[in-house]
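Read the numbers this way: they start at 1 and go in the same order the structure lists the ligands and their atoms.
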Amino acid sequence: MKKPFVAKDQLEAIAAQYPTPFHIYDEAGIRENARRLKAAFAWNPGFREYFAVKATPTPAILKLLHEEGCGCDCSSLAELLMSEKCGIRGEDIMFSSNNTPAEEYQLADKLGAVINLDDITHVEFLEQSIGHIPEKVCCRYNPGGVFTLGETREGFQVMDNPGDAKYGMTRAQIADAYQMLKAKGTKEFGLHAFLASNTLSNEYFPSLAKVLFQLAVDLKEETGCHITFIDLSGGVGVPYLPDAPENDIAAIGEGVRKVYEEVLVPAGMGDVTLCCELGRFMLAPYGHLVTRAVHEKHIYKEYIGVDACACNLMRPAMYGSYHHITVCGKENEPCDHKYDVVGGLCENNDKFAIDRMLPKINRGDLLVIHDTGAHGFSMGYNYNGKLRSAELLLKEDGSVELIRRAETVKDYFSTLVW
Ligand SMILES: *Cc1c(COP(=O)(O)O)cnc(C)c1O
């Protein structure tokens, strides 16, 4: 049973000050979760989470996570600039981009970020872009084929298709890239891979670790390069469905530790530092999209029209994703009405829920759409002239802070030439 982290009365009070729709984030939840992650990998001195900025590119969130010891994982110019403005610079930034323009490498280098190369051709491209090759470089690996987990939990199978993914280097290329970098002066090497998204299995990180750790041992032998860090990237998921299994980050950390001791330690690589670039796991459950029911419509189906739309949360329209909905104050009423909960875009995929059983919704009810803290606001867009919402932070002391104001028509018009 998913429960909102703000109760109806408080939410009504917030909505009186900040009109719906808005995204609201739970500081206490974010901090506790970040601490659980840190504790799970405390066995690896130097372990670091670089928060995937694209998930929630909001300064208050980046700073809060920075206070918990997290760096930033950036993949664009604006993300780099935002990190810098938040005081997150140097090796606190992992720059994991793909199809990267020269100016982004230049800025990443200027900020002292650790650069993660997505392709072998970027060794030369990076050198041309910044005029030298950094002493510390990471390379992204793509094993090809299909990635499946041997073990599944409660019927959730993890399968992804690295062979169809545009990211990373082949096995042969990554060895060549290491040699090229070494010849150009790189002294510290990192290894990165991202093989599956939103995994709900404690086996994902350990399985990925096995692939990367073995590759690190082999690459060290083949190339003589000094591998000092391994980046497990993102992909640890959250249960969007109310009955989906939850990842146990302590078990995940322990699983990775076992593989580390099996593979890296015997190879004399017990000093390798681990890091990750989680986005969804860090933020998704700690964000709600709050919206109000403004219309009801009875035609061939029952519709509830809300004041948010896919521009505020694209995942249902784009991926058919499930996001749980709570009708505030009606948590204990029977879910005996079947609704499509829709926004106002002129697009029939603008539906937050289809055939969802919910309590009877009246106009004016507040709805909480759950698990929107990552890849929610950030995937927003302006179709149909819809404006981006505000973002709020529910602080640990119960107060609420505006961390991004809502967009206005003036903002929307500001790039136009009349
Ligand atoms: C998107 C992304 C992440 C974060 O992924 P999550 O699924 O949100 O954890 C991390 N690293 C890279 C390179 C990404 O593109």
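Electrostatic pairing of R405 and D411 counts as a salt bridge here, judged by a charged N lying under 4.0 Å from a carboxylate O.
In this structure, F194 has a heavy atom closer than 4.0 Å to ligand 1.
Under 3.5 Å, the side chains of T228 and E188 contain a donor-acceptor pair of N or O atoms. A side-chain N or O of S75 and one of E79 form a donor-acceptor pair less than 3.5 Å apart.
Numbered from 1 in the order shown, with element, the atoms of ligand 1 that lie under 4.0 Å from a heavy atom of G279 read 4 (C), 6 (P), 8 (O), 9 (O). Every atom of ligand 1 with a heavy atom of L278 under 4.0 Å away is listed here by number and element: 9 (O).
Considering backbone and side-chain atoms together, H375 places an N or O closer than 3.5 Å to an N or O of ligand 1. Annotation: D73 places an N or O atom under 3.5 Å from an N or O atom of ligand 1; distance criterion only.
Ring-plane geometry between H122 and Y105 is classed as perpendicular, the angle between the planes exceeding 60 degrees on a 0 to 90 degree scale with a lower cut at 30.
With a heavy-atom cut-off of 4.0 Å, A52 touches ligand 1 through its side chain alone. Residue contacts with ligand 1, taken as heavy atom pairs separated by less than 4.0 Å, involve R140 solely via side-chain atoms from C-beta onward.
Listed by first and then second residue, the salt bridge (charged side-chain N to carboxylate O under 4.0 Å, His left out) pairs involving residues 39-67 are R31-E67, R48-D92 (not counting sequence neighbours).
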